Amino acid sequence: MALRFFNTYSRTIEEFQPLDPAGRAVKMYTCGPTVYSHAHIGNFRAYIFEDLLQRHLEARGYTVERVMNLTDVDDKTIRGSRAANLALGEFTAPFKEAFFEDVETLQIERADAFPAATEERFVAAMIAMIEKLIARELAYQAEDKSVYYRINRFPKYGHLAHFDLAELRSTGRVKSDEYDKEHVGDFALWKAWDEEDGDVWWESPWGRGRPGWHIECSAMATALLGEQIDIHCGGVDNIFPHHEAEIAQSEGCSGKTFVLYWMHCAHLLVDGQKMSKSLGNFHTLRDVLEKGYSGREVRYALIRVHYRAPLNFTWEGMDEARQALGRIDEWLRRLGESAAAATEAPEIEDDKFSEALDDDLNISAALGHLFEQIRESNRELDRGIEPARARAWLNWWERINRVLAFAAVEEETPAEIQQLAEERTQARLAKNWQKSDELRDAIQAQGWAVRDTKEGQVVTRRAGA
RNA sequence: GGCGGGGUAGCCAAGUGGUAAGGUCGGGGUCUGCAAAACCUCUAUUCGCGGGUUCGAUUCCCGCCCCCGCCUCCA
């Protein structure tokens, strides 16, 4: 079955066909974080969805070139840097660093490029684009010195969000600068400097100022991937106005279709509600890790629901993730043990996992199949499996895990734990059950677990420890 | 008001015009000194509600209800 994705632009599921005539290279642009604070788990739901998409495309033989931008200049970063009494770059640098650490923790593949909005070459690219839009009368400088996009001159404006311009109504989030605009819906391409901006400004043909948010993505996507890209992702809240604006800007300059497939993931809810600091349900990745959960557990919890369905984050869900991963770990441990003596490995012909993902990333069906296979192979293990067969199952898993990235990080059992385990073995040989149980408790207290099997003790890292 | 997404077991969730995957929790069992793990087994006569089409609908059509989101810088 061919790859099929839901395209927000057409609101239908479409067969995936990249621009590349050879049908192999895929250009992907993903909206990244605004680095004014630590990214929260809702942000990471989107990045993990994008990661799943990239990894599955790669599993299907595509070569993905992905760009993720970092917004390091906007109202929030400027406000934050002023509050912290730091230069803008000094203020955003630690958040950029933290973001990359979090990406690593969650096993999200690094994009090929992480352009930042303040890089001179991109500011120059943004200015060049705005000049072009003005030349084409798609933009104008208003009384307030800012430059705005003239949405009435771009007939497709509103198509992505399915908004009728006449229906747009103010929600009170607009600044009072709308008096200067020709249409309330006109959005800023270049924002004229004002006192609130402090020393954050660039010279431009329209005077000192800074780029609008939307132009950043159009310019960086074009600079790094070209005028046309295959897939552009983000959260549903980016559909309007951000992605709508990107289309207007990019196509206003190039005259070509900017993006073939628009893909958006639904929101993450926490305890059934939108995350907000006032409700106390706002979590960064760091908050969740502090509660004792691992990055892979968070990854599992955030990836397991289809990207277009709202995902409700709960601690119960985190525990469910822990259990499910523990089962996978134990399955792999048993397979590894049985496969040790294998000299060859026949292939297990089973592509159902990937076939499920072909269907608009149906992760639930894919995981359902994985667990069915785990049960099947566990039965084989119980019956006594051939080493080659165990090796074949491991190879099958490795293919799948290149997409899921669920495997635990290998960790050496520390010497003191090994020592305790050895003492316990002796106690057990002496049938000293009391001492055996005490040693088990001691091992568990140090974050490890010990189980007795027919082949003797098995020591593993305890989940959450 | 306009535009989306979603309503399937205690919780999470897939799915099909032909009678409900999977995960997790809980009960029972095999195994075990105990435990753990694994396996076996049980847990939705039913898919938000009401109509309609059909031999047959959770799935298609119509109407309604509820939840979440977007409607100018939130992933």
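Order of the sequence lines sets the chain letters (A, B, ...), proteins ahead of strands, with each chain counted from 1. No experiment lies behind these values; they were computed from the predicted model shown.
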Can you pull every protein N or O that's under 3.5 Å from an N or O on nucleotides 20-23 of chain B?
{"from": "A21(B)", "atom 1": "O2'", "to": "E372(A)", "atom 2": "OE2", "distance (Å)": "2.4"}
{"from": "A21(B)", "atom 1": "N1", "to": "S364(A)", "atom 2": "O", "distance (Å)": "3.3"}
{"from": "G22(B)", "atom 1": "OP1", "to": "R375(A)", "atom 2": "NH2", "distance (Å)": "3.3"}
{"from": "G23(B)", "atom 1": "OP1", "to": "R327(A)", "atom 2": "NH1", "distance (Å)": "3.1"}
{"from": "G23(B)", "atom 1": "OP1", "to": "R327(A)", "atom 2": "NH2", "distance (Å)": "3.4"}
{"from": "G23(B)", "atom 1": "N2", "to": "E320(A)", "atom 2": "OE1", "distance (Å)": "2.7"}
{"from": "G23(B)", "atom 1": "N2", "to": "E320(A)", "atom 2": "OE2", "distance (Å)": "3.1"}
{"from": "G23(B)", "atom 1": "N3", "to": "E320(A)", "atom 2": "OE2", "distance (Å)": "3.0"}

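G234(A) comes within 4.0 angstrom of sugar-phosphate atoms only, judged by non-hydrogen atoms across all strands, and of no base. Heavy atoms of K76(A) sit under 4.0 angstrom from primed sugar atoms or phosphate atoms, though from no base atom. Among the protein residues, N378(A) comes within range of the sugar-phosphate backbone only, with heavy atoms under 4.0 Å from sugar or phosphate atoms but none that close to a base. Within 4.0 Å of R45(A), counting heavy atoms only, lies no atom of the nucleic acid at all. In this structure, I239(A) reaches neither bases nor backbone, as no heavy-atom distance under 4.0 Å exists between it and the strands shown.
For the C1' atoms, the distance linking U45(B) with A36(B) amounts to 37 Å, nearest Å. Atom name P, nucleotides G15(B) and G5(B): the rounded distance is 15 Å, in whole Å. Nucleotides C11(B) and G4(B) place their P atoms 30 Å apart, quoted to the nearest Å. The C1' atoms of C47(B) and U19(B) are separated by 12 Å, rounded to the nearest whole Å. G10(B) sits 31 Å from C70(B) when the P atoms are compared, rounded to a whole Å. Taking atom C1' in both C25(B) and C42(B), one finds a spacing of 14 Å when rounded to whole Å. Between the C1' atoms of C62(B) and G1(B), the separation comes to 23 Å (whole Å). Spacing between A20(B) and A14(B) at atom C1', rounded to whole Å, works out to 10 Å.
Going from atom CG of D329(A) over to atom P of A36(B) covers 18 Å, rounded to whole Å. Distance E330(A) CD to U24(B) P: 13 Å, rounded to the nearest Å. Summarising the geometry, the separation between CG on D359(A) and P on U16(B) is reported as 8 Å, rounded to the nearest angstrom. Between the P atom of C39(B) and the CH2 atom of W331(A) lies a distance of 11 Å, rounded to the nearest Å. Atoms CZ (F353(A)) and P (A14(B)) sit 15 Å apart, rounded to a whole Å. If you take CG of L311(A) and C1' of G69(B), they are 14 Å apart, rounded to a whole angstrom. Taking atom CD1 of residue I13(A) and atom P of nucleotide G15(B), one finds them 9 Å apart after rounding to whole Å. Rounded to a whole Å, the CG atom of D452(A) is 12 Å from the P atom of A36(B).
Between Y261(A) and H232(A), the ring center distance fails the sub-6.0 Å criterion. Side-chain rings of W315(A) and Y293(A) approach one another, their centers coming within less than 6.0 Å.
Residue E104(A) places its CD atom among 12 or fewer non-hydrogen atoms of other residues, nucleotides or ligands, all under 6.0 Å distant. Environment of NZ in K96(A): crowded, with over 12 heavy atoms of neighbouring residues, nucleotides or ligands closer than 6.0 Å. For K352(A), the NZ atom is loosely surrounded, since the number of other residues' heavy atoms within 6.0 Å does not exceed 12. Dense packing is recorded around CD of E101(A), with more than 12 heavy atoms of other residues, nucleotides or ligands lying under 6.0 Å away.
Across residues 258-266 of chain A, A266(A) each have a non-hydrogen atom less than 4.0 Å from an atom of RNA chain B (numbered order).
Distances shorter than 4.0 Å separate some side-chain N or O of R379(A) from OP1 or OP2 on C40(B). In this structure, N312(A) does not reach the C68(B) phosphate: none of its side-chain N or O atoms is under 4.0 Å from OP1 or OP2. Proximity of N362(A) to the phosphate of A14(B): no side-chain N or O atom is located under 4.0 Å from OP1 or OP2.
Here A38(B) is the nucleotide among G4(B), C34(B), A38(B) with the atom lying nearest to any side-chain atom of R334(A). With distances taken from any side-chain atom of S436(A) to the nucleotides A36(B), G33(B), U72(B), the minimum falls on G33(B). The F163(A) side chain lies nearest to C71(B) when the options are C39(B), G15(B), C71(B).
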Chi angles and distances behind the side-chain contact (heavy atoms from CB on, under 4.5 Å) call for W213(A), D74(A): CA-CA 7 Å; W213(A) 176 41; D74(A) 78 323; 5.7 Å; no

Stepwise salt bridge (charged side-chain N to carboxylate O under 4.0 Å, His left out) test for R451(A) and E330(A): CA-CA 11 Å; R451(A) 291 198 309 277; E330(A) 176 62 11; 2.4 Å; yes

Full working for ring-ring contact (aromatic ring centres under 6.0 Å, His included) between F258(A) and Y29(A): CA-CA 11 Å; F258(A) 177 45; Y29(A) 187 89; 7.7 Å; no

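For the side-chain hydrogen bond (donor to acceptor under 3.5 Å, both in side chains) test with D51(A), the passing option among R66(A), Q107(A), R299(A) is R299(A); the others fail.
Looking at R424(A) and D441(A), no side-chain N of the basic residue comes within less than 4.0 Å of a carboxylate O on the acidic one, giving no salt bridge. Looking at D452(A) and R428(A), a side-chain N of the basic residue comes within less than 4.0 Å of a carboxylate O on the acidic one, giving a salt bridge.
Applying the 3.5 Å distance criterion, the base of A35(B) shares a donor-acceptor pair with the side chain of R440(A).
Taking a pair as Watson-Crick or G-U wobble with both distances under 3.5 Å, RNA chain B forms stems of 3 or more consecutive pairs at B:1-7 with B:65-71, B:10-12 with B:22-24, B:26-30 with B:38-42, B:48-52 with B:60-64.
Under a cutoff of 6.0 Å and an axis angle of 45°, R208(A) and W201(A) form a cation-pi pair.
Mapping T314(A) and H267(A) onto RNA chain B by nearest heavy atom places T314(A) closer to the 5' end of the strand.
Interatomic distance, CG of N152(A) versus NE2 of H183(A), reported as 5.0 Å (0.5 Å rounding).
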